[in-house]
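Data first, discussion second: the structure below is written as structure tokens.
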Amino acid sequence: MKRRTGQDQSITRQWRPATQAVRGGTARSEFGETSEAIFLTSGYSYDCAGDAAARFAGEQVGMTYSRLQNPTVEMLEGRIALLEGAEACRTMTTGMAAMTAVLLCQLQQGDHLVGGRAAFGSCRWLTDTLLPKFGIETTVVDARDPQQWIDAVRPNTKVFFFETPANPTMDVVDLKAVCGIARERGITTVVDNAFATPALQRPMEWGADVTAYSATKMMDGQGRVLAGAVCGTSQFINDVLLPFTRNTGPTLSAFNAWVVLKGLETLDLRIRRQSENSMKVGAFLEARVPRILHPGLASHPQHNLAMTQMDACGPIFAFEVDGGRKQAHGLLDALALVDISNNIGDSRSLMTHPASTTHYGVAEEKRIEMGVTENLLRLNVGLEDPQDVIEDLDQALTKVGL
């Protein structure tokens, strides 16, 4: 590959996803390094004052300040955009920085947002607490029911915001239906695609306008760094999102961008193997626990929809015990191999009790409405031999009477 081939979209958009994940966005320096370079610099110098003025005026291509541009970060943004099938991408410090930015950059006092009920706890805080502080009205609906989206629309509705599959209840949203409802009414659809990543699901192919990510999860996928990303049209990214991020500064570091670039090289391999492992672990648990919420299993009420929209089930699912928090915590404490951790998308198997961790800050009545009960546990199946994970779960379940 030549020095600039990875940034030539007339070439890279012809590559298949696995190739894009390894080589997309790459720009080599004059040294010809095979691994992407890390540019640890806060600023840039200019040959003359006129060059500086021209760059700030947008008349000359080049770097000005690493809050705005960084070569390593730009390589990551180019790669994610390719994988997503988007015109452009902007990365940020964390997934929640991305979620906050993608909403605040396009909403103002008097606007209205409709959000999916089942969501990560901090995303519910955005819709339920933060946005109303700025005079932005919000309505929360059961995202699985297209009619509820239709009924919630008002003249001032500007954004639909939801996750699919949702964290942690694994609700699956009909992307084609909900995005179609929004598009017919001139509403922007923002989809949190962190559980699937573009390796398994590309919401824009189903009509979504914008996708947002915690790249901490499957994109890095090895529990090393925090990162977030937003993908959309060049007009949205450059004219709507960029002015917000330029002036508020949720900037991804060059080092973290480099780590995620390395993670993307193995994303397809990891997520598909973890999906296979998840199916094996899910099939075991289905016979041992009162209820399992796994989109890859035929027992999931939206299994057919999930497998229509997704190439595989992903590594994450939830299940319920019947003894409340005491039994759920007892099961976690009995684990020997699987880690107790609130993270997901890791190459290691992780389990958490959402009601007391990720959704602790959500009011109890809202948690129950979402389906985040004291009986619910969320499991991220890693790259270990699935039989070892099954044996660990087996002994832990036996210890708590299941």
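Bear in mind that the values here come from a model prediction, so they are computed numbers and not experimental data. Hydrogens, waters and symmetry mates are skipped; everything else that's a heavy atom, side chains included, is used.
- Between the Glu77 side chain and the Thr91 main chain, a donor and an acceptor come within less than 3.5 Å of each other.
- Side-chain atoms of Thr169 and Asp171 include a donor-acceptor pair closer than 3.5 Å.
- The closest donor-acceptor contact from the side chain of Arg270 to the backbone of Gln222 lies at 3.5 Å or more, if one exists at all.
- Looking at Arg367 and Glu364, no side-chain N of the basic residue comes within less than 4.0 Å of a carboxylate O on the acidic one, giving no salt bridge.
- Among residues at least two apart or in separate chains, salt bridge (Lys or Arg N to Asp or Glu O under 4.0 Å) pairs with a member in residues 290-299 are Arg291-Glu320.
- Residue Arg23 qualifies as open at atom CZ: its count of foreign heavy atoms under 6.0 Å is 12 or below.
- Remark: side-chain polar atoms of Trp125 are not paired, donor with acceptor, to backbone N or O of Val362 under 3.5 angstrom.
- Arg124 places a side-chain N or O within donor-acceptor distance of the main-chain N or O of Arg117, the cut-off being under 3.5 Å.
- Heavy-atom contacts from other residues, nucleotides or ligands closer than 6.0 Å to CD of Glu365 number more than 12.
- Here ring pair (Phe, Tyr, Trp, His ring centres under 6.0 Å) pairs that include residues 328-348, with residues two or more places apart or in two chains, are His329-His353.
- When the shell of 6.0 Å around CZ of Arg273 is examined, it contains 12 or fewer heavy atoms from other residues, nucleotides or ligands.
- Summarising the geometry of Ala97 relative to Thr94, their closest heavy-atom pair is N-OG1, 2.9 Å, with the distance given to 0.1 Å.
- Side-chain contact between Asn343 and Asn380 is absent, with no heavy atoms from C-beta onward closer than 4.5 Å.
- When side chains are defined from C-beta on, Thr157 does not count as touching Thr139, because their heavy atoms never get closer than 4.5 Å.
- Note on Asp394 versus Arg288: salt bridge recorded, some NZ/NE/NH1/NH2 to OD/OE distance being below 4.0 Å.
- A donor and an acceptor atom, one from each side chain of Asn238 and Gln235, are nowhere located under 3.5 Å apart.
- Residues passing the salt bridge (Lys or Arg N to Asp or Glu O under 4.0 Å) test with Glu36, sequence neighbours excluded: Arg79, Lys262.
- Note that CD1 of Ile11 is 5.0 Å distant from OG1 of Thr5, once rounded to the nearest 0.5 Å.
- Using a 4.5 Å heavy-atom threshold, the side chains of Ile181 and Phe160 count as touching.
- No hydrogens or angles considered: nothing links the side chains of Gln69 and Tyr44 as a donor-acceptor pair under 3.5 Å.
- The backbone N or O of Phe134 lies less than 3.5 Å from no partner atom in the side chain of Gln109, so there is not a single donor-acceptor pair.
- Considering all non-hydrogen atoms of both residues, Pro315 and Phe195 come closest at CD-O, 4.4 Å.
- Between Asp220 and Asn256, every side-chain heavy-atom pair lies at or beyond the 4.5 Å cut-off.
- Between Phe284 and Val389, every side-chain heavy-atom pair lies at or beyond the 4.5 Å cut-off.
- Scanning all heavy atoms of the two residues, the minimum distance from Gln387 to Asp385 falls at N-OD1, 2.8 Å.
- Contact record, Thr164 with Val172: OG1-CA, 3.5 Å, taken as the closest heavy-atom pair.
- Residues Gln309 and Leu175 share a closest heavy-atom pair of OE1-N, 2.7 Å.
- The line from OG1 of Thr72 to CG of Leu40 is 7.0 Å long, rounded to the nearest 0.5 Å.
- We find the OG-CG distance between Ser122 and Leu130 to be 11.0 Å, quoted to the nearest 0.5 Å.
- By the 4.5 Å heavy-atom criterion applied to side chains, Thr189 and Arg183 are not counted as neighbours.
- Under a 3.5 Å cut-off, the side chain of Asn375 and the backbone N or O of Gly324 do form a donor-acceptor pair.
- Of the possible donor and acceptor atoms, one in the side chain of Gln327 sits under 3.5 Å from a partner among the backbone N and O of Asp322.
- Atom-to-atom distance recorded for Cys313:SG and Gln274:CD is 10.5 Å, nearest 0.5 angstrom.
- Of the inter-residue distances, the one linking His294 atom NE2 with Ile316 atom CD1 reads 10.5 Å to the nearest 0.5 angstrom.
- With 3.5 Å as the limit, one finds a donor-acceptor pair spanning the side chains of Asn167 and Arg378.
- Proximity of a side-chain donor or acceptor of Asn70 to a complementary backbone N or O of Ser253 within less than 3.5 Å is not detected.
- With hydrogens and angles disregarded, a donor-acceptor distance shorter than 3.5 Å links the side chain of Asp346 to the backbone of Gly223.
- Nearest heavy atom pair, residue Ala27 against residue Arg4, reads CB-NH1, 3.1 Å.
- Using a 4.5 Å cut-off on side-chain heavy atoms (C-beta onward), Asp174 and Trp206 make no contact.
- Note: Asp209 CG to Thr233 OG1 = 8.0 Å, rounded to the nearest 0.5 Å.
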Yes or no on salt bridge (charged side-chain N to carboxylate O under 4.0 Å, His left out) for Lys366 and Asp128, after CA distance, side-chain angles and deciding distance?
CA-CA 10 Å; Lys366 291 182 180 178; Asp128 298 354; 3.2 Å; yes
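- When atom types are taken as modelled, the side chain of Asn342 and the backbone of Thr352 share no donor-acceptor pair closer than 3.5 angstrom.
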